[in-house]
Asker: 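Quick one: this structure, given as structure tokens, is what I'll be asking you about.
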Amino acid sequence: MCTGLRFTDDQGNLYFGRNLDVGQDYGEKVIVTPRNYPLPYKFLADTKTSKAVIGMGIVVDGYPSYFDCFNEDGLGIAGLNFPHYAQFSKEPVNGKINLASYEIMLWVTQNFTTVKEVKEALKNVNLVSEAITSEFAVAPLHWIISDNEEAIVVEVSKQYGMKVFEDKLGVLTNSPDFNWQVTNLGNYTGLSPHDATVQNWNGQEVMPWGVGTGSLGLPGDSIPASRFAKVAYLNANYPTQKGETANVAKFFNILKSVAMVKGSVINNQGKDEYTVYTACYSSKTKTYYCNYATDFELKKYTITDENLSLNKLTIY
């Protein structure tokens, strides 16, 4: 469970991030990976990072395994759960750029500056079902990738192989697939943010109940389809804001509207599914904003000249 969101402000600056909704806390931290940090690959030659990266994740044997991250050029990527649909290749394919599925995060942020570049490169990529270590399972993910100009969704499934979708809505949740989620929005084309008006039904005056009737029928449960529809609708109707403070507030206001509260959803393992953290990256100031289910204080971390040139990870 997760919800991703992106939009740009009146100056074209990107705000991009996500809710992480899971049944446990993984001990995730904000991590800055500097330039020239060792970057091993399963199937490609090992290298070093060329761009600093900031985001939320965990460190596994020195490897920054990000849930969402952004490079110093403002290109961002977030991985969201895609159960029952995601299916990666069982082995490398000759002539392809073979990546373990978890490697796509740093591969994208290290090799590209724009979504346009990523789209072209993905034509020759094969994602392999390979875990980071034997202690971890392969996560069934799909990804939203964004810069200031556009966003795409990348999915790999048994039925379609790799598909890349233009994401004009700036939203991603979970299963079913992205194309289904967009089609499902047809059920909500009658929504309006304006309060309902008096109706006349065969001479009977029908009055709306009080105020607050705008957006009547907007879903409010936590299934992926409902979160997708709600965030797409709010992202389309939230007024354009000016300035970083107002746009960060806009971002958190939208995503908090679909945050999962402990006790509202209990998974098959008997654990609460809840929003562990909400995070937003501003490309203008290279600042990563976040707060947690247990701490609503808004925290912010920035890529600086100091932490991008260190010889070690900076972990907050």
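Quick caveat, the model's predicted, so the values are computed rather than measured. Numbers here are sequence positions counted from 1. Note: hydrogens, waters and symmetry copies are ignored here, and every other heavy atom, side chains too, is used.
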Asker: With ring-ring contact (aromatic ring centres under 6.0 Å, His included) as the test, would you mind laying out the steps for F251 and Y289 before giving the verdict?
Answerer: CA-CA 10 Å; F251 191 96; Y289 297 87; 9.5 Å; no

Asker: Using the six-membered ring of F7, assess whether NZ or CZ of K250 lies under 6.0 Å from its centre and within 45 degrees of the ring axis.
Answerer: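 Cation-pi check for K250 and F7: passes.
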
Asker: Please find the pair of heavy atoms, one from S146 and one from L75, that lie closest to each other, and give the distance.
Answerer: O-CD1, 3.4 Å

Asker: Is K119 paired with E150 through a side-chain N to carboxylate O contact shorter than 4.0 Å?
Answerer: yes

Asker: Give the cluster check for W180 versus L80: same hydrophobic cluster or not, with ILVMFWY residues linked at side-chain heavy-atom distances below 4.5 Å.
Answerer: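 Different hydrophobic clusters.
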
Asker: If you measure only the distance, is there a donor-acceptor pair under 3.5 Å linking the side chains of T3 and T173?
Answerer: no

Asker: Is there a donor-acceptor pair closer than 3.5 Å between any side-chain N or O of N307 and the backbone N or O of P34?
Answerer: no

Asker: Side chains of T240 and D10: do they bring a donor and an acceptor to under 3.5 Å?
Answerer: no

Asker: For this output row, return yes or no: ring centroids of Y281 and Y288 closer than 6.0 angstrom.
Answerer: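 Ring centres of Y288 and Y281 not closer than 6.0 Å.
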
Asker: Do Y102 and Y63 have ring centroids that are under 6.0 Å from one another?
Answerer: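 Centroid separation for Y63 and Y102: below 6.0 Å.
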
Asker: Start with the C-alpha gap between K256 and N291, add the side-chain angles, then the distance that decides, and say whether side chain to side chain contact (heavy atoms under 4.5 Å, CB included) holds.
Answerer: CA-CA 11 Å; K256 290 302 183 184; N291 63 15; 3.0 Å; yes

Asker: Angle between ring planes, F16 versus F70, binned at 30° and 60°: parallel, tilted or perpendicular?
Answerer: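 Taking F70 first and then F16, their aromatic rings stand perpendicular (interplane angle over 60°).
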
Asker: With rounding to the nearest 0.5 Å, note down the distance linking CD in E244 to CD in Q11.
Answerer: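 Those atoms lie 12.5 Å apart.
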
Asker: Quick one: sort the F178 and F165 rings into parallel, tilted or perpendicular, breaks at 30° and 60°.
Answerer: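 Rings of F178 and F165: tilted, as their planes differ by 30° to 60°.
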
Asker: Does Q199 have more than 12 heavy atoms from other residues, nucleotides or ligands lying within 6.0 Å of its CD?
Answerer: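 Counting neighbours around CD of Q199, more than 12 heavy atoms of other residues, nucleotides or ligands fall under 6.0 Å, so yes.
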
